[in-house]
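To start, the structure itself, in structure tokens.
These numbers were taken from a predicted model, which means no experiment stands behind them.
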Amino acid sequence: MKTEVKVFAALIPFFGVMTVIYAYFTNFSEWVGIIGFFLTMLFAAWVAAYLWLVGRKTDPRPEDDMQGEIADLSGDYGHFTPYSWWPLWLGLSSAIVVLGIGVGWWLAVAAAPFLVISIVGWTFEHFRGEGAI
């Protein structure tokens, strides 16, 4: 996780400098952008600290080993549904909800039930038999 920590740690001074530059060029009058840049800097610091702490407690991953081979990554990656339609419906319904927020609330309200149905459908896709809800 050293690479990820370095990436997010490099973003901390970048967004800090951008906060100061943005504040200077707007004469400290546009507070939304200043606060947005500052919070982005804090979020990058938070993610970098989290990854650093987790990286100290876990074993090195194969991709962290400079002498590692591709075969070191072999193994089980988890269970994936190869022909699931739920991600498509979730993507479409969430896009319509977000579009509805910008266009008109009536569209967001009309698409919200489809969003809930697609979230529940994808979450409980593999629940069968006695474990089904």
Side-chain angles (χ1 to χ4, degrees):
M1 290 191 177
K2 292 180 182 178
T3 305
E4 292 89 347
V5 172
K6 289 177 185 177
V7 167
F8 282 100
L11 290 176
I12 298 167
F14 171 76
F15 282 114
V17 170
M18 292 306 296
T19 303
V20 173
I21 291 172
Y22 187 84
Y24 175 76
F25 279 106
T26 59
N27 294 325
F28 298 94
S29 61
E30 209 284 313
W31 286 98
V32 173
I34 296 169
I35 293 172
F37 273 123
F38 181 72
L39 290 177
T40 305
M41 180 189 69
L42 289 180
F43 182 68
W46 179 61
V47 172
Y50 172 77
L51 290 175
W52 179 70
L53 289 172
V54 169
R56 286 181 30 211
K57 295 178 182 177
T58 58
D59 295 331
R61 300 177 300 172
E63 54 263 25
D64 290 334
D65 184 14
M66 296 303 283
Q67 303 298 323
E69 299 289 332
I70 294 176
D72 294 340
L73 289 173
S74 63
D76 187 21
Y77 285 105
H79 175 72
F80 302 99
T81 306
Y83 300 107
S84 177
W85 284 88
W86 289 112
L88 174 70
W89 301 123
L90 180 62
L92 288 174
S93 59
S94 61
I96 294 173
V97 167
V98 171
L99 179 70
I101 292 171
V103 173
W105 285 100
W106 62 271
L107 186 58
V109 170
F114 295 103
L115 180 64
V116 171
I117 290 170
S118 57
I119 289 172
V120 170
W122 197 13
T123 303
F124 297 112
E125 181 174 23
H126 295 288
F127 280 53
R128 300 281 188 257
E130 293 181 20
I133 293 178

same_hphob_cluster(Tyr50, Leu11) at 4.5 Å side-chain heavy-atom cutoff = yes

Side-chain atoms of residues 51-59: list all donor-acceptor pairs with protein atoms under 3.5 Å, sequence neighbours left out, distances to 0.1 Å.
unit_1	atom_1	unit_2	atom_2	d
Thr58	OG1	Val54	O	3.1

In one Ile/Leu/Val/Met/Phe/Trp/Tyr side-chain cluster, 4.5 Å: Phe127, Val116 | yes

Assess whether atom CH2 of Trp86 is packed by more than 12 heavy atoms of other residues, nucleotides or ligands within 6.0 Å.
-> yes

Same cluster (ILVMFWY, side-chain, under 4.5 Å), Val47 and Leu42 | yes

With sequence neighbours left out, write down each residue that passes side chain to side chain contact (heavy atoms under 4.5 Å, CB included) with Val109, or none if nothing qualifies.
-> none

Establish whether Leu92 and Trp85 are linked, either directly or via other cluster members, by ILVMFWY side-chain heavy-atom contacts under 4.5 Å.
-> yes

What salt bridge (charged side-chain N to carboxylate O under 4.0 Å, His left out) pairs are there with at least one residue in residues 2-25, not counting sequence neighbours?
-> Glu4-Arg61

Pairs touching residues 4-35 that satisfy ring-ring contact (aromatic ring centres under 6.0 Å, His included), sequence neighbours left out | Tyr22-Phe37

Output for pair (Leu39 CG, Thr19 OG1), nearest 0.5 Å, gives 9.0 Å

Can you name the residues that form a side chain to side chain contact (heavy atoms under 4.5 Å, CB included) with Pro13, not counting sequence neighbours?
-> none

Sequence-distant partners of Ser94, side-chain hydrogen bond (donor to acceptor under 3.5 Å, both in side chains), two or more places apart | none

What's in the same ILVMFWY side-chain cluster as Leu107, cut-off under 4.5 Å, chained through other members?
-> Ile96, Leu99, Val103, Trp106

Test ring pair (Phe, Tyr, Trp, His ring centres under 6.0 Å) applied to Trp46 - qualifying residues, sequence neighbours left out = Phe43

Could you give all pairs that pass the salt bridge (charged side-chain N to carboxylate O under 4.0 Å, His left out) test and reach residues 38-47, with sequence neighbours left out?
-> none

Can you list the residues that meet the side chain to side chain contact (heavy atoms under 4.5 Å, CB included) rule with Phe114, with sequence neighbours excluded?
-> Ser93

Smallest separation among heavy atoms of Val97 and Ala111, with atom names = CG2-CB, 3.7 Å

For Trp105, what residues pass the side chain to side chain contact (heavy atoms under 4.5 Å, CB included) criterion, not counting sequence neighbours?
-> Ile101, Ala108

ILVMFWY network linking Met18 to Ile35, side-chain heavy atoms under 4.5 angstrom | yes

Separation between CE of Met41 and CZ of Phe38, rounded to the nearest 0.5 Å | 4.5 Å

